[in-house]
Every structure is written in structure tokens, then in C-alpha cells.
There are 2 protein chains.
Amino acid sequence: MEAVLTEAVALLDEAGESALTFRALAARLGGGVGSIYWYVSSKDELLDRAADHVLADVLRAAEMLTGSDDPIDDLRAIAMTLFDAIADRPWLGAYFMRNTGVQPHGMKLYELIGEQTLRLDLTRRERFHAVSAVIGYVVGIAADMGQQPPQEVRDGEVSREDYLSRFVAQWRAMDADQYPFVHHIVDDFEVHDDADQFSAGLDLLLAGLRLQAGA
Amino acid sequence: MEAVLTEAVALLDEAGESALTFRALAARLGGGVGSIYWYVSSKDELLDRAADHVLADVLRAAEMLTGSDDPIDDLRAIAMTLFDAIADRPWLGAYFMRNTGVQPHGMKLYELIGEQTLRLDLTRRERFHAVSAVIGYVVGIAADMGQQPPQEVRDGEVSREDYLSRFVAQWRAMDADQYPFVHHIVDDFEVHDDADQFSAGLDLLLAGLRLQAGA
DNA sequence: CGTTCTATCGAACATCGTTCTATTGTATCG
DNA sequence: CGATACAATAGAACGATGTTCGATAGAACG
């Protein structure tokens with residue numbers, strides 16, 4: 001069982017979601033295709049279990065970072081940890097948002113985030129909403145940024161910079177009257193860093209939360 | 001071409017993402033499987049086109065709602081419109097976040113959101129980050145909430161309330177010492193409304209943005 | 001020894017995306 | 001008008017995938 005999940009995660013990490021096949025997994029385990037179905041009843045369950053397997057590490061890391069004086073700082077640290085995990089595991093984003101809180105470690109993570117809000121001066125309902133907002137933001141952004149670049153980039157034929165600059169060129173070629181904003185930020189887009197972008201947006205959200213807790 | 005997209009969207013709306021098959025689509029169009037490949041080169045492109053086809057309506061609706069005195073109010077209206085669209089089209093969420101801004105109407109929507117930030121007193125970089133944050137939040141939350149409930153619920157065998165209360169019961173059964181937050185908000189969860197929840201989180205984000213623009 | 005339960009295996013099936021070739025209709029041109 | 005090129009359609013065929021199923025072997029136990 002443990003081996004099944006470990007190898008499944010390895011396959012996902014190495015070559016993305018499409019690489020996780022029952023046949024490929026069986027070959028890696030040196031067994032037959034049917035054997036996997038003894039441990040897992042479907043591919044969906046396999047993915048859920050693999051995702052939760054990874055979340056165990058995320059949870060452990062997140063727990064390390066909490067315990068400061070400021071609950072919002074802790075919230076920030078947890079969110080960052082989760083973001084990092086999804087960012088370099090693109091497959092995790094897609095299978096994290098579905099059924100949040102059904103898997104054991106996902107549930108614990110939800111709890112951990114929620115507990116920080118218990119230390120804030122908020123309504124019950126406000127706490128509930130705040131946690132949903134933070135998780136939704138993290139998963140949404142991370143899943144977006146972690147999407148697999150096209151085949152050419154993955155194979156190394158085209159560098160990430162070239163790929164990005166192709167986008168930039170396309171944006172620059174657009175009508176400036178119809179797309180003033182796109183032209184306005186294209187320079188920033190060209191040199192942007194995913195983690196910075198995530199962090200800046202998170203700060204907005206947490207600033208709003210801090211405002212709410214202070215009133 | 002137009003008919004292909006219309007029927008593709010109809011299939012997606014009626015029975016979800018898994019229902020969109022080249023064979024099912026061909027049967028609906030009264031033609032052969034191969035014919036579709038004349039209009040579209042892959043299933044990915046079909047989904048992209050279908051998503052953009054829907055985004056045209058979203059964009060039109062969003063444009064109607066802008067033009068108030070307060071750019072942040074406009075931002076809020078656009079986000080709400082986008083949320084509603086994804087909420088009752090679960091398939092849209094998954095295929096919206098990938099390649100935002102490649103499809104024409106997705107690009108326009110990005111521009112429309114961005115233009116609101118042009119009316120705020122912000123750095124270029126701050127504007128760039130703000131737009132990413134808003135879109136990430138909307139798509140993340142909407143995709144999460146719009147996820148297809150299990151088969152039983154879709155078939156009407158189990159009502160949405162029963163489905164939700166099964167969750168609630170599971171949460172209530174958990175150890176109260178280990179999961180204080182979960183027990184804290186379970187009552188709110190039981191009666192929660194997705195749109196309210198989204199709206200509350202969006203307000204946090206926009207409050208943070210307003211704060212940034214005021215400084 | 002017989003029985004039951006755990007665990008494994010791989011052939012077989014249905015379905016899906018995709019490719020390929022053949023064919024039909026339709027406009028254009030010599 | 002006949003020929004030719006091109007837009008468009010149709011469906012058989014291929015390879016890959018998730019899943020089902022029956023067969024089988026070992027272990028545990030009375």
C-alpha cells in the first residue's frame with residue numbers, strides 16, 4: 001500500500017498527471033495491473049490517496065511554522081507552504097480542491113488554518129468565510145501557475161524565457177487602444193515572478209482580514 | 001463551426017465534462033466523428049473554444065455592470081458575474097484557469113478587470129498583482145464550489161441537503177479536542193450559501209486593495 | 001485435510017482521442 | 001462544358017486507457 005502511493009507520487013512528479021497509468025504503475029511495482037485494484041478501487045481514489053500522501057508532508061512543514069504571536073503571520077506562513085507544495089507539483093492543485101476536507105491530512109490542514117482565525121476577533125461566520133477565502137485563493141493561484149507548460153518547453157527545446165517572451169510579443173502586438181491595461185503591465189509581466197505575485201495577492205487578502213479583525 | 005460549439009456547450013452543460021465525447025458530439029450533429037476534426041484539431045482546442053464561446057456572454061454581462069464611480073465596486077461586479085458563470089458551469093472553472101488570456105474573450109475579460117485598476121492610485125506592479133489576485137480568487141473558489149457532486153446527487157436519488165448533512169454528521173463525529181475549529185464552524189457550514197461565502201471572501205480581498213490604493 | 005481469507009496476476013472488454021483514406025459536393029478556370 | 005482543385009464529410013481502424021473477471025497460489029485456522 002505504502003509502496004503503491006510512493007511510486008504513484010514518483011510517477012506524477014516525474015512526468016505529470018498523464019504519466020500515472022495503471023499499467024505504468026504496475027510495471028514500476030513489478031506486478032500486474034489488477035493487483036493495484038486490491039488496494040484502490042478506482043483511479044480517482046488513487047489520485048486522492050496520492051494527494052493526501054503528499055499533504056502529510058505539507059502539514060508537517062506548516063505546523064512547524066505556526067506559533068508566532070501574530071495569527072495572521074501564521075496564516076501567511078501556512079499559505080506560503082501550501083503554495084510552494086502545489087507550485088512544484090502541478091498535479092496536486094487540480095486534485096486538491098476537489099473534496100477538500102474529505103482526506104485526513106487535508107482535513108487537518110483545514111483545521112490548522114482555521115485555528116489561526118480562532119485567535120482573531122471575528123464572528124464565527126467571519127472565521128468560516130476567512131478560511132474558505134484563504135484556501136480558495138491559494139489553490140486557485142497555485143493551480144493556475146502550476147499548469148504544465150506545453151510539450152516543447154518540458155522537453156527543453158524551448159526555454160521558459162523564450163516561451164514567456166513569445167507571450168509578451170503577442171501582447172505587445174495587440175491594439176493599444178483596445179487593450180490599454182495589457183500594454184500597461186506587459187513590462188511587469190515579462191519579468192514577473194510567480195511567488196512574488198502570489199505573495200502580493202495574499203497580502204491584500206490578509207490586510208482585509210486584519211482590518212475586519214480590528215473593527 | 002458555430003453549431004459545433006453550441007452543441008459542445010450543450011453537452012457540457014447537460015452532463016458535465018465527461019459527457020463531451022467526439023462520438024457523442026458527432027451523433028448530436030448528425031455527422032461522423034472525423035468531421036469535427038476539420039473544425040478543431042484536438043479535444044483540448046474544442047474545450048478551449050467552447051470555454052471562450054461561453055466567455056463571450058460573460059464578458060457582455062460584465063461590461064454592462066461597469067461604469068460606476070467606484071472602480072472597486074465595478075471590480076466587484078465583474079468578479080460576481082464571472083463567479084456566477086463558473087458556478088453553474090462546473091466544467092468552465094477547470095478550463096478557464098489554464099491559458100487565461102490566450103483565448104480572445106478571456107483576454108478581453110482580463111483587460112476589463114485590469115482597466116478598473118487603472119482608475120486606482122497604484123503602482124504598475126501593484127495593479128498587475130491585484131488583477132492576478134482577483135482572477136485567481138474567483139476561479140479558485142468557483143472551481144471548488146462548482147465541482148460536480150457525486151453521481152447519486154446528480155441523479156436526484158439523494159438531495160443536496162442530505163448530501164451536505166452527511167458531511168456535517170461526519171464532521172460532528174470527529175474528536176472535538178483535535179478539531180476545535182471544525183466543531184466551531186460546523187453549524188455555519190450546515191446552512192452556508194456558496195454565493196455568500198464567495199462574496200465575503202471577495203470583500204476581504206477588495207478591502208485590502210482599497211487600503212493599498214488609499215495609502 | 002478442508003475451508004476461508006488475503007493477495008496477485010493478466011487476459012478481455014468497452015470507451016476514448018486520433019489518424020487515415022475514400023468520397024461527395026461545389027466552385028473556378030481553360 | 002468538362003476538368004480540376006478545394007472545402008467538407010464520413011466512418012473504419014489503431015493504440016492507449018480504466019475497469020472487470022475468473023483463475024490461482026499461499027497463509028491461517030479449526
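By convention in this document, chain letters (A, B, ...) are assigned in the order of the sequence lines, proteins followed by strands, and residues within each chain are numbered from 1. Please read these numbers as outputs of a predicted model, since none were measured by experiment. Just the heavy atoms: all of them, side chains too, but no hydrogens, waters or symmetry mates, feed the values below.
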(message) If I take atom CG from residue A/L55 and atom OH from residue A/Y110, how far apart are they, to the nearest 0.5 angstrom?
(response) 15.0 Å

(message) Quick check against the 3.5 Å criterion: does A/Y137 have a side-chain atom that pairs as donor or acceptor with the backbone of A/F198?
(response) yes

(message) Need to verify one output field. Residue with the more 5' nearest nucleotide on DNA chain C, B/T21 or A/G34?
(response) A/G34

(message) Below 4.0 angstrom, which residues in residues 22-32 of chain A have at least one non-hydrogen atom near DNA chain D?
(response) A/F22, A/R23

(request) Any chance you could measure B/L25, atom CG, to B/L12, atom CG, to the nearest 0.5 Å? (result) 9.0 Å

(message) Students often get this wrong, so: under 4.0 angstrom with heavy atoms, is A/L20 touching a base, only sugar-phosphate, or nothing?
(response) sugar-phosphate

(message) Less than 4.5 Å apart, side chain to side chain, heavy atoms only: is that true for A/D57 and A/R60?
(response) yes

(request) With a 4.0 angstrom cut-off to heavy atoms of chain A, pull out the first and last contacting nucleotide of DNA chain C, in 5'-to-3' order. (result) C/dT6 to C/dA12

(request) May I ask you to test the A/F181-B/Q116 pair for a side-chain heavy-atom distance under 4.5 Å? (result) no

(request) Please check if the side chain of A/S165 supplies one atom and the backbone of A/E161 the other of a donor-acceptor pair under 3.5 Å. (result) yes

(message) Once salt bridge (Lys or Arg N to Asp or Glu O under 4.0 Å) is applied, do any residues pair with B/D13, and if so which ones, sequence neighbours excluded?
(response) B/R89

N/O donor-acceptor pairs under 3.5 Å from side chains in residues 1-8 of chain A, not counting sequence neighbours:
| from | atom 1 | to | atom 2 | distance (Å) |
| --- | --- | --- | --- | --- |
| A/E2 | OE2 | A/H53 | NE2 | 3.0 |
| A/T6 | OG1 | A/E2 | O | 2.8 |
| A/E7 | OE1 | A/R28 | NE | 2.7 |

(message) When you compare the side chains of A/R127 and B/H184, does any donor N or O come within less than 3.5 Å of an acceptor on the partner?
(response) yes

(message) Under 4.0 Å, heavy atoms only, any strand: does A/L46 hit a base, just the sugar-phosphate, or nothing?
(response) nothing

(request) Answer yes or no: is there a donor N or O on one side and an acceptor on the other, between the side chain of A/D52 and the main chain of A/G106, under 3.5 Å? (result) yes

(message) Quick check: do A/L75 and A/I113 have side-chain heavy atoms less than 4.5 Å from each other?
(response) yes

(message) On the six-membered ring of A/Y179, is B/K108 placed so that its NZ or CZ lies under 6.0 angstrom from the centre and within 45° of the ring axis?
(response) yes

(request) Using the heavy-atom set of chain B and a strict 4.0 Å cut-off, write down the first and last nucleotide of DNA chain D that makes it in, 5' to 3'. (result) D/dA7 to D/dA13

(request) Measure the CG-CH2 distance between A/L11 and A/W91 for me, rounded to the nearest 0.5 Å. (result) 11.0 Å

(message) Just to be sure I follow the notation: if a pair is Watson-Crick (purine N1 to pyrimidine N3 plus N6-O4 or O6-N4) or a G-U wobble (N1-O2 and O6-N3), each under 3.5 Å, what dot-bracket string does DNA chain D give, with | for pairs to another strand?
(response) ||||||||||||||||||||||||||||||

